[in-house]
Structure formats: structure tokens, C-alpha cells
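Notes for the one structure printed next.
Here is how names work: the chains are called A, B, and so on, in the same order as the sequence lines, proteins then strands, and each is numbered from 1. FYI, side chains are in, hydrogens and waters are out, and symmetry mates aren't considered; it's all heavy atoms of this structure.
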There are 2 protein chains.
Amino acid sequence: MERRATIKDVAEAAGVGVATVSRVLSGGSASPQTRERVLAAAAQLDYRPSALGRNLRQRRTGGMGLLVPDLTDTFHAQLAEGVLAYARSAGEHVVLGSTAGDPEQESELIGMLLEQSVDRLIAVPSGDEETWAPAIRAGMTVVFADRLPARPSSDDDPSTTAVNDLMLLDGLSSAVRPRPLDVPSVLADDRAGIRTAVRYLRGLGHKRIAFLGGPGHDRRVTAFREAVGAPVDEELVVFGTGSRDSAYAAASGLFQSRPDLSAVVAGGNVLGEAAVLAARELDLRVPRDVSLVMYDDVPWAELCSPPLTVIAQPGRDMGYRAAELVLRSGGRRPRGVVLPTELIIRGSCGPHR
Amino acid sequence: MERRATIKDVAEAAGVGVATVSRVLSGGSASPQTRERVLAAAAQLDYRPSALGRNLRQRRTGGMGLLVPDLTDTFHAQLAEGVLAYARSAGEHVVLGSTAGDPEQESELIGMLLEQSVDRLIAVPSGDEETWAPAIRAGMTVVFADRLPARPSSDDDPSTTAVNDLMLLDGLSSAVRPRPLDVPSVLADDRAGIRTAVRYLRGLGHKRIAFLGGPGHDRRVTAFREAVGAPVDEELVVFGTGSRDSAYAAASGLFQSRPDLSAVVAGGNVLGEAAVLAARELDLRVPRDVSLVMYDDVPWAELCSPPLTVIAQPGRDMGYRAAELVLRSGGRRPRGVVLPTELIIRGSCGPHR
DNA sequence: CTGAAAGCGCTAACAA
DNA sequence: TTGTTAGCGCTTTCAG
């Protein structure tokens with residue numbers, strides 16, 4: 001690798017000082033002729049400013065980090081494409097990490113980004129607020145996408161609720177709970193999406209509607225409970241851990257333990273996939289025996305027979321907006337964004353029989 | 001963002017010189033007690049060495065770049081997951097770019113990586129060898145995955161074939177063609193995969209087998225032609241440009257213009273998707289009216305009715321191996337790797353009728 | 001075994 | 001408008 005030209009080389013070639021080169025190249029003021037000469041010299045030497053020097057000087061790497069649980073989940077891929085699209089238009093780079101939904105890996109990746117001085121980060125979080133506190137404390141600009149980190153359970157670690165004698169108690173509550181992270185986010189309107197789906201199924205005559213959830217689907221479950229109304233049949237609310245296998249296990253278990261259910265709402269495309277597979281395996285026909293609506297619109301939803309009715313969320317847009325937020329938050333702390341979902345009716349839901 | 005501790009802070013706290021801290025932290029030699037004190041001070045200050053300083057000093061950013069055409073193509077997502085997995089295990093980071101199959105964007109991204117001094121790059125290339133020459137010349141270690149850049153067409157630019165009077169002609173051929181890029185690669189055994197698929201279809205009695213290709217599928221088309229044997233019915237070999245729309249158009253056009261075809265081999269999962277959609281739209285039943293085998297095994301292949309027969313290539317492994325290659329090529333120029341494919345027979349192929 | 005010092009390439013004061 | 005200079009945080013000779 002032959003040494004690349006440095007700013008010094010350009011300065012010499014143009015017969016000016018390095019500062020002038022820097023100025024010209026970053027659009028500062030300079031006399032037309034100086035500018036001309038610098039530009040010529042730079043072109044001549046095929047000069048490309050090194051981000052290394054600049055980064056060190058400015059104590060920060062440009063670009064942004066992007067942390068998702070799993071790229072083979074098409075929704076995350078869509079989100080990533082959105083982020084990349086905005087980043088490209090802004091001339092910034094993206095450092096990608098995939099966490100497998102594991103808070104520990106997430107922490108490590110945050111640490112890695114910190115080490116690289118990447119101080120902007122978009123994440124589909126897996127860990128809870130405790131996982132994320134270090135990043136915030138370190139001064140990273142963080143934007144959450146698709147979901148928020150869980151509040152740490154208040155009785156998780158009793159020792160933290162013990163009175164610390166150096167701590168100024170404001171006498172409000174005995175359980176001292178940190179206040180929620182103040183981080184902007186780009187979310188889909190899960191509540192509306194789920195509600196619409198449940199109402200749709202209700203309108204079709206379904207009474208026993210199940211919810212198949214995964215990690216990070218808390219807001220969706222809550223919306224589901226709310227939409228079906230009390231009393232909620234808790235056996236009809238089941239969870240996988242994020243992997244395709246566990247999603248399949250959850251779906252299959254659900255179908256087998258509650259053959260009386262007539263519809264299921266899958267909280268994400270991996271769970272929807274599992275539901276279709278499990279139903280087929282158990283010889284349940286969709287929608288004859290069971291109606292299915294899946295969160296996430298993905299290209300293959302249309303390939304199923306029948307094509308899947310879905311709650312579409314704009315994955316790509318969400319990524320795009322998140323990147324926009326994380327790059328343009330100039331000191332301000334913009335509040336998050338909630339994007340609309342849409343119920344796309346295809347063929348996987350039928351009347352209750 | 002409160003200033004992070006620097007190596008200097010640690011040195012002071014430990015009462016040693018910065019060089020000593022550097023040595024201890026990178027496993028150099030030091031007396032046990034010195035080491036102890038440095039480690040203690042570092043822990044105490046929560047010191048994390050900044051990659052910025054190190055990078056500048058070593059004139060290179062660690063990590064690697066990864067360029068793929070489109071992450072929502074599940075194969076690329078699998079590949080990316082493989083790369084990320086190896087990178088994580090090696091403690092390296094990954095800068096991701098998506099090119100949309102556009103050589104120009106690819107060039108820009110290469111430029112961006114060069115600017116960041118990322119000198120290792122894994123790519124599913126879209127541009128031809130000319131696009132890639134700059135990266136190689138700049139001294140990047142590149143590894144191609146899934147496919148190789150096309151050789152530039154020799155009659156592309158007639159001026160390059162003119163005799164340059166400063167050029168030493170070795171008198172071999174009049175058309176001076178640059179020799180192929182010497183870049184290691186991780187490929188699937190396309191030839192075997194396609195051949196197996198074609199033989200399988202032949203065995204089922206199919207005579208008019210079509211190939212639905214996309215950008216970068218040259219090796220697959222060649223294998224296809226070879227497998228079906230001369231004379232090849234050229235109307236049965238059609239291409240999309242990479243987008244889902246164009247894939248659909250190609251598939252639909254193929255089915256409509258040649259209703260006599262009885263089987264199609266899709267060169268990638270996006271094309272397979274398009275074929276399924278187009279067939280359904282035209283009321284062609286799979287496999288009754290047309291048999292389909294798709295390159296790439298993706299989770300949704302099993303969701304189709306009937307489940308798709310596929311030529312599986314190990315996307316994740318390919319990414320993993322590529323990352324391994326790009327990181328461990330210590331000066332050596334390892335030859336590439338070819339991984340086996342597997343024909344997974346599901347339900348989308350039937351006997352010719 | 002350890003420390004002092006010289007940069008890596010760049011930008012931002014500060015002077016001229 | 002320009003040039004000079006002082007670092008950013010780190011590694012790495014080179015002396016001691």
C-alpha cells in the first residue's frame with residue numbers, strides 16, 4: 001500500500017500552508033487563486049483527507065452505530081436499509097452490530113463503539129435500561145427504534161433499594177427507582193395496529209384470540225390485552241425467546257394446548273413464520289381452522305397460501321427517520337416519532353366457524 | 001460527555017510513564033508490581049483505550065468493511081450475520097454499506113472506506129473489475145463473496161485497445177486486456193448446484209427448462225447453459241435487474257411469452273419470490289403447471305404452498321469464512337474457498353405432464 | 001524494565 | 001486571507 005498523500009504533501013505542492021489546504025477543502029474562505037491551486041494540487045495528488053487525523057483531532061469518529069438483534073429478521077433488514085439510505089445521503093458511515101437479542105452481547109457492542117468513539121447510535125434494544133445507562137452516561141446520542149428497553153424490575157436487586165447513607169433521599173418513595181431514560185425513539189403505532197387487528201378479528205366473529213409474542217413485544221402485548229379486554233385468557237398469550245426454534249415451539253405449544261382458539265396475532269414476522277409452519281404441521285388450515293394476522297409486512301407474506309393478512313409497519317422509513325434523528329439532534333433532545341401502521345387484509349383471516 | 005480518561009491520566013495515577021501503560025495494556029513486558037499498579041489505576045479510572053489514537057498512530061482503522069447489494073435479500077442478510085459473527089469473535093467492528101447493485105454507489109462506498117482507512121473489505125460485488133481496481137491499488141485486502149466482479153467488456157472503451165507507444169507490447173495479442181484481479185473469494189459451488197437441479201428436473205421429464213437470472217448470476221447462467229446442453233433456447237434465459245419489480249417483470253414476461261415451458265430455475269431468492277408471485281398471478285399451479293427450483297434456501301421457502309425445492313448455499317458460513325479470510329490474510333494471498341451447495345427437495349417440482 | 005520524546009494527519013486558535 | 005503552531009491519544013523507537 002503506497003503511502004497516500006497527506007495534507008502536508010498537498011500544501012507543499014500548492015505552495016501554501018496546511019491550514020489553508022484544510023480550509024479550502026472544508027469550504028472555508030480563501031482567495032480564488034489560492035483555492036484554485038490547492039484544488040489542483042489535491043486533484044493532482046489524488047488526495048483524500050484521512051478521517052483518522054480529523055477524528056482524533058475532533059475526539060470523535062463520524063458516522064453512527066446500528067445495533068439490531070438479527071438481520072435475518074426481515075424487519076430488521078428493512079430498518080437497516082433505511083438507516084443506510086439516510087447515512088449514505090449524509091455521507092456518513094454505519095458500524096453494524098447484531099446482538100442476537102442478548103443484552104450481554106449488546107453491552108459488549110456498546111463498549112466497542114465507545115472505544116471507537118462512535119458517539120451516535122441507533123438501536124433496536126435487547127437489554128433493559130440498566131444495559132443502556134452506560135451508553136447514555138458516556139454521552140452517546142442514542143435513538144431507539146422499534147421498541148424501548150424494558151424498565152429494570154424494581155425488585156431485581158434488593159440491595160439497590162437499601163438506603164444509602166450518602167444518598168440524598170427526597171422522601172418521596174421508599175423504592176428508589178431511576179427515572180426513565182430520556183432517549184428519543186422511532187416507533188410504530190403498535191397500539192393502534194394491534195387494536196385494529198383485534199377488532200378486525202372480532203368482527204369476523206372470533207372470540208378466542210391468541211397472541212404470540214417475542215422479546216421486545218411488551219407494548220404489543222399490552223395493546224393486545226387492552227384490545228381484547230378483561231378478563232384476558234392468559235393461556236392464550238405465549239412467548240418465544242427470539243430464535244426461530246423457540247418461536248416454533250411457542251406456536252406449536254399454543255395450538256396444541258388450546259385447540260379451541262380460532263385466531264392468532266403474531267407479534268412479529270419470525271413468529272408469524274412459526275405460526276404458519278406449526279399450523280401446517282398440525283394440519284390446521286389457515287384460515288379455515290385458524291385465522292392469522294402477523295405483525296410486519298415482508299415480501300414473503302404474499303407468497304404464503306393464502307397470503308398473510310398483516311399489520312404493516314414502515315420498517316425502512318423507521319430506519320431512515322432514526323438515522324435522521326440521530327444525526328441531526330444538534331444539542332436538542334428531540335422527542336421521538338411514532339409512525340402509523342396499516343392493516344393489510346389478504347387471505348389469512350376468515351369468519352369464525 | 002465528560003471527558004474519558006486517557007492513557008496519560010492512567011500513567012499519572014499509577015505513577016509511571018505512558019509508554020509503560022501502553023505496554024502493560026497490550027501485553028508487553030513489565031514487572032509484576034508495575035503491571036499491578038497500572039491495571040489498578042486503569043480499572044479505577046474506568047479507562048478504555050481510545051481507538052482513535054491507536055488508529056492514527058498505526059495509520060489504519062481496525063475492523064472491516066462489508067458491501068452487499070441489498071440486505072432485504074435474505075441471502076445477503078445471512079451472509080452479513082456470518083461476517084458479524086466472526087467479527088465479534090475477533091473483537092473487530094464492521095462498517096456496512098448497501099449498494100443497491102449500483103456500481104456507482106459501490107465506488108462511493110469504497111471511497112468512503114478508504115477515507116476511513118478501513119483496509120479490509122468483504123464484498124458481494126456489483127461493479128466490474130474496473131470498479132474494483134482502485135480498492136486493490138490502494139492496498140485494501142479484499143475478499144469477494146458469492147460472486148466475482150465481471151471482467152470489463154474488452155470492447156467497452158475502444159481507446160484502451162489502441163496501441164500506447166509507451167507501452168511495452170509483449171506481442172501476444174492485439175487486444176491488451178488487464179489480467180484478472182487476484183483477489184480471494186468465498187463462493188458457493190454454483191456449477192454443481194445448478195447442474196444437480198437441472199438433472200433433477202430432467203429426471204422428472206422436463207424438456208423446456210427456463211432460467212431466471214439477476215445481476216451477478218453469470219456463473220449460474222453459464223452452469224445452466226452447460227447443464228441443459230446445446231442448443232440452448234435463448235428465450236428461456238431471462239434476466240431481471242435486481243429489484244423485486246424487475247424480477248417480477250422478468251418472471252411474468254417469461255411465463256407469458258413461453259407458455260410451453262414446464263420448469264424454471266430461479267437464480268436467487270428474490271427471483272424465486274417473483275416466480276411464485278408471477279405464476280400465481282397467471283394462474284399457473286406449482287408444480288402442476290410449472291416446476292420451480294430456487295437458488296438460496298431461506299426460511300420462507302418452507303412457507304410456500306407447496307414448499308419450495310431449493311439449491312441451498314450456506315450463506316452464513318460464507319460470510320463467516322470471508323471474514324476469516326479477510327482478517328487472517330497476514331501478507332499471504334490465500335486462494336479462495338468454494339463451499340458446497342445442496343439440493344433440498346420439497347414440493348415445488350413435479351413430473352412433466 | 002522503564003521513561004522521554006517523536007510523531008501519525010488533521011483542525012483550530014492565534015498571529016501576521 | 002494566510003501561515004505557524006499546538007495538540008487530539010496512542011504506539012514505538014531509543015536511551016537510560
Rounded interatomic separation in angstrom, taking CG from A/D9 and C1' from C/dC10: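 Computing the A/D9:CG to C/dC10:C1' distance gives 13 Å.
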Nearest-Å distance, CZ (A/R4) to P (C/dC8)?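 In whole Å, C/dC8 P and A/R4 CZ are 15 Å from each other.
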Under the side chain to side chain contact (heavy atoms under 4.5 Å, CB included) rule, what do B/M64 and B/V95 come out as? Steps first, then yes or no, please. CA-CA 6 Å; B/M64 68 197 90; B/V95 179; over 6 Å; no
State which residues pass side chain to side chain contact (heavy atoms under 4.5 Å, CB included) with A/T131; sequence neighbours excluded, sorted by chain then number.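 Expected list: A/P103, A/E106, A/S107, A/D128.
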Sequence neighbours excluded, the answer for side chain to side chain contact (heavy atoms under 4.5 Å, CB included) partners of B/P215 is none
Would you check if the side chain of B/R147 reaches a backbone N or O of B/P125 as a donor-acceptor pair within less than 3.5 Å?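 At least one qualifying donor-acceptor pair exists.
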What pairs with A/Y320 under ring-ring contact (aromatic ring centres under 6.0 Å, His included), at least two apart in sequence or on another chain?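 A/Y320: ring-ring contact (aromatic ring centres under 6.0 Å, His included) contacts with A/Y86.
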Listed partners of B/F144 passing ring-ring contact (aromatic ring centres under 6.0 Å, His included), at least two apart: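 If we apply the ring-ring contact (aromatic ring centres under 6.0 Å, His included) test to B/F144, skipping adjacent residues, the hits are B/W132.
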Divergence of helical axes at both termini of the helix from C/dC1-D/dG16 to C/dA16-D/dT1 - five pairs an end, 10° steps: 40°
Straight-line distance of B/L327 CG to B/T141 OG1, nearest 0.5 Å: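 B/L327 CG to B/T141 OG1: 9.5 Å, rounded to 0.5 Å.
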Enter the distance from B/T61:OG1 to B/R120:CZ here, rounded to the nearest 0.5 Å. 11.5 Å
Under 3.5 Å, sequence neighbours excluded: what are the donor-acceptor pairs made by side chains of residues 14-30 of chain A?
unit_1, atom_1, unit_2, atom_2, d
A/S26, OG, A/S22, O, 2.5

Could you identify which residues of residues 44-65 of chain B place a heavy atom less than 4.0 Å from some atom of DNA chain C, listed by residue number, or say none?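 Correct list: B/L56, B/R57, B/R59.
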Who passes side-chain hydrogen bond (donor to acceptor under 3.5 Å, both in side chains) against B/D70, sequence neighbours left out?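 B/D70: side-chain hydrogen bond (donor to acceptor under 3.5 Å, both in side chains) contacts with B/T72.
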Not counting sequence neighbours, which residues clear side-chain hydrogen bond (donor to acceptor under 3.5 Å, both in side chains) with A/Q116? List them please. B/H93
Would you grab the first and last nucleotide of DNA chain D (5' to 3') that comes under 4.0 Å of any non-hydrogen atom in chain A? D/dT1 to D/dG9
Does any pair with a residue in residues 34-58 of chain B pass side chain to side chain donor-acceptor pair (under 3.5 Å), and if so which ones, sequence neighbours excluded?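 Listed once each, the pairs are A/E115-B/R48, B/S31-B/T34.
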Tell me, which of residues 20-42 of chain A have any heavy atom that sits under 4.0 Å from an atom in DNA chain D? A/T20, A/R23, A/S29, A/A30, A/S31, A/T34
